[in-house]
Amino acid sequence: MRTERVSRDALRPTDRLTETTMKYALDTAHEQIQNILESATGSSSFEMKTPPPNVEADIAVPMFRLAKEKKENPVALAQRLAGEISLEGTLLCDATVTGGFLNFKLATGPFLDRVFADFSARGESFGGSEQGDGKTIVVDFSSPNIAKPFSVGHLRSTVIGHSIVKIYRFLGYTVVGDNHIGDWGTQFGKLMLAFELWGDRETVAANPIRELLDLYVRYHDEAESDPALDEQARSWFRRLEEGDPKARETWRWFREVSWEEFDRIYRLLGVEFEEVLGESFYNDQLDQVVEQAFQSGLAEWGEIEARGGKEGEGEDSPEAMEKVALIHLRDHGIETPLLIQKSDGTSLYATRDLATIRHRIETWAPEAIIYVVGGEQKLYFQQVFKAAELLGLEANCVHVPFGLIRLPKGKMSTRKGRVIFLEDVLEEAVRRAEAVLEERDLSDEEKTEIARIVGIGAVKYADLSQTRTKDVLFDWEKMLNMQGDSAPYLQYAYVRIQSILRKAAGMPRGQAVSSPRSLGHPQELTLVKTLAGFPGTVRAAATGYTPHVIAGYLISLARDFSSFYNQVPVLKAETPELAATRLELCRRTAQVLEKGLDLLGIECPERM
RNA sequence: GCACCCGUAGCUCAGCUGGAUAGAGCGACGGCCUCCGGAGCCGUAGGUCAGAGGUUCGAAUCCUCUCGGGUGCACCA
């Protein structure tokens, strides 16, 4: 909890932008209001709000708090200020008062000039910044378990993490995306045992993930009636960790065939990683972690009830106690101790994570390490982060949790084989996109590629458009939705603009030059104001690790564009100058749509 | 039992770290292709923001309690 707050502060984009950071139109407008009000009242720090639609203004400043301080009536204070201040030479005009709010309007001419100037100055990087220059962050995401299917559950970590990587990179950070593959641990003991008992090399080779899943499910079925299996499974893992050749060979093979499947899915999704180290990478550092924990006096041997009796809880049977290495965290507000070595001497998830933190610090010296992992691991990460801190591993570790995906019938369970394969969903999405493309005049090759972009985009968007922390109900229709609040809707807006631009390129035009101030139609102004909101949206998404604010922003941008498109002619504008300006407006809109989608990890086709 | 997440329109969700008449999409109903692509646009209907208290100029938003759903709580990851 505390860790998270500290880290967020460390990464929070500065509200007051420094000299070296690019200021955008709205940043300047806010700053101007701030300065004007500050010199008029002597008070600093005013809140800037967006007024509701029924109020004709662009920026609202509530005066209630200041009124209270000054023991003045808010309305009277606002009116007095409105009369006193001068907006000469700013991006603002017209300070009015409603209720206790001091409302400002953007001065159309200067504002239009400024937004267009911002676009020219920043080019393709409009919306980005340099605030992260010289800083590195590590993002731990996706991290599927080898030999288990890539389910729709893994989609969340993958797409949210990928988006966070892109967003921070756009803000100037050096970002290391690390896929911390789950390729080590007791589960491999289970799998090796199951494979030895019931497996068949050729069957597995033919369809690795699904066969291995079957073995895994069967293992859990049988283990329920035969607890001895668990003992054997643990022993297999011990052999693996000790370097037994046969165990290693089998493990390596599982890993290899699994990775082939993962790789295929990542390629389909268009997701890449800077590192794919995996848990096994840290195997030779685990003893050191445990040793160090003991040396520093942090870890101690603890006794724990021996395994065996489950559910029944035979309290009268004097179960033998076994020794495990653990770290107590009670003094730090965490009741549950963290286990770092099992009674048979093998390692745990936590052991590997501690080694991982150290490796990341030594390798990248990151500002922060961001873990995009399900919310059910919240307590676990509190433990690990605290333990790391106590071990002297200085790192801003941030757990970015997300809600789990629930099926209409209940939660997914790998052990019970109740999963929806991500690949099935992706294939279905691509099929549906293909169906729509059927009637388009495009080559088969183009159709295939576009269907991929549109279908995959729809699935990613369905996830990214929702608040990260909430559980999501898996719904085929929503996942495959291509209308309204969806990626294809955004892509479609982009494609229509491309279509206009292509036509414009083929038209003989005069020397008409774009001139921002020729714009004036309400739909145009709305569109420009929305475009000006992009940089702030990106910063907000970064601060809260919330890609969905970008998704929401893009939807309103696309809607603004669609309204504009329906009411305002571009190529047939009244004058060549206006046509040129509207074309530029279109081009900028397309640019932001494409960039925004890119920040969500979604591609844009040129036609669809 | 304790802790954390969540409860907003028939359904799926927004609501920007308390603000002025709570917004979209889907579904329903009604309009819009002589004009830059209808995966689109415009409009109508639909809400006691789970419930009850509290904090204050102001609460969907913050606090408390109740109800309902989810998750976690030492040798899985």
Side-chain angles (χ1 to χ4, degrees), chain A residues 1 47 49-55 60 62 64 67-68 74 98-101 143 145 148 182 184-187 190 234 279 302 304-307 322-326 335-344 346-350 352-353 373-380 383 401 403-404 406 411 415 433 436-437 440 454 458 462 465-467 469-473 475 477-478 481-486 488-489 491-493 495-497 499-504 536-537 540 543-544 546 548-549 551-553 555-556 558-559 562-563 565-573 582 586 607-608:
Chain A
M1 235 339 191
E47 271 183 286
K49 300 280 180 184
T50 305
N54 59 319
V55 175
F64 304 100
K68 198 169 205 177
T98 13
F101 295 90
S143 312
N145 291 321
K148 285 195 194 170
W184 208 247
T186 313
Q187 50 172 338
K190 295 177 181 175
R234 279 191 291 270
E279 293 185 58
I304 193 166
E305 206 173 302
R307 284 170 295 220
E322 294 185 332
K323 285 191 153 196
V324 295
L326 43 78
E335 281 304 313
T336 316
L338 185 66
L339 238 61
I340 57 172
Q341 191 175 83
K342 296 194 279 188
S343 57
D344 63 0
T346 56
S347 69
L348 287 117
Y349 191 36
R352 285 164 243 140
D353 262 329
V373 182
E376 68 274 13
Q377 293 193 42
K378 183 168 181 168
L379 171 63
Y380 168 73
Q383 293 177 297
L404 44 78
R406 289 207 330 279
K411 125 180 230 208
R415 295 180 176 195
V436 180
L437 287 164
R440 297 286 196 276
V454 173
S465 61
Q466 299 194 33
T467 302
T469 49
K470 287 192 185 180
D471 286 356
V472 307
L473 192 68
D475 174 1
E477 288 316 307
K478 168 146 197 169
N481 177 33
M482 309 217 170
Q483 293 172 337
D485 186 9
S486 72
Y489 174 76
Q491 292 164 327
Y492 186 66
V495 162
R496 289 209 291 197
I497 296 173
S499 177
I500 293 175
L501 296 177
R502 273 194 299 271
K503 285 203 167 64
T537 302
T543 306
T546 48
H548 87 276
V549 307
Y553 166 83
I555 285 295
S556 52
R559 245 199 303 268
S562 295
S563 283
Y565 178 88
N566 257 273
Q567 292 178 44
V568 185
V570 176
L571 298 176
K572 293 182 179 165
R582 285 179 180 162
C586 287
R607 302 166 202 267
M608 65 189 277

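Chain letters run A, B, ... following the sequence lines, proteins first, then strands; residues in each count from 1. These figures come from a predicted structure and were not determined experimentally.
The separation between A:Lys148 atom NZ and B:A77 atom P is 9 Å, rounded to whole Å. Whole-Å rounding puts the A:Gln383 CD to B:A77 P distance at 14 Å. Between the CG atom of A:Leu348 and the C1' atom of B:A77 there is a distance of 10 Å, given to the nearest Å.
B:C2 is paired with B:G72 under the Watson-Crick or G-U wobble criterion, all donor-acceptor distances under 3.5 Å. Pair assignment for B:C29: B:G43, on the basis of Watson-Crick or G-U wobble contacts that are both within less than 3.5 Å. Of the nucleotides present, none pairs with B:A22 by Watson-Crick or G-U wobble criteria with both distances under 3.5 Å.
When each of A:Ser499 and A:Lys190 is assigned the nucleotide of RNA chain B with its nearest heavy atom, A:Ser499 is the one assigned upstream, toward the 5' end.
Between A:Tyr489 and B:C41, a side-chain N or O to OP1/OP2 separation shorter than 4.0 Å is present. Between A:Ser143 and B:A77 there is no side-chain N or O to OP1 or OP2 distance below 4.0 Å.
Considering only the side chain of A:Leu379, B:G72 comes nearest among B:A39, B:G72, B:C57. Across B:U56, B:A74, B:G38, the shortest atom-to-atom separation from the side chain of A:Tyr565 is found for B:G38. Comparing atom distances between the A:Arg234 side chain and each of B:A74, B:G40, B:C76 picks out B:C76 as nearest. Ranking B:A39, B:U12, B:G70 by closeness to the A:Gln466 side chain, first place goes to B:U12. Comparing B:G15, B:G25, B:G7 against the side chain of A:Thr467 picks out B:G15 as the nearest.
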Below 3.5 Å is the cut-off: list the nitrogen or oxygen pairs between protein and nucleotides 20-22 of chain B, distance only.
residue: B:A20; atom: N6; partner: A:Asn103; partner atom: OD1; Å: 3.2
residue: B:A20; atom: N1; partner: A:Asn103; partner atom: ND2; Å: 3.4
residue: B:U21; atom: O4; partner: A:Asn54; partner atom: ND2; Å: 3.3

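Using a 90° window around 0 for the glycosidic torsion, B:C32 falls outside it and is classed as anti.
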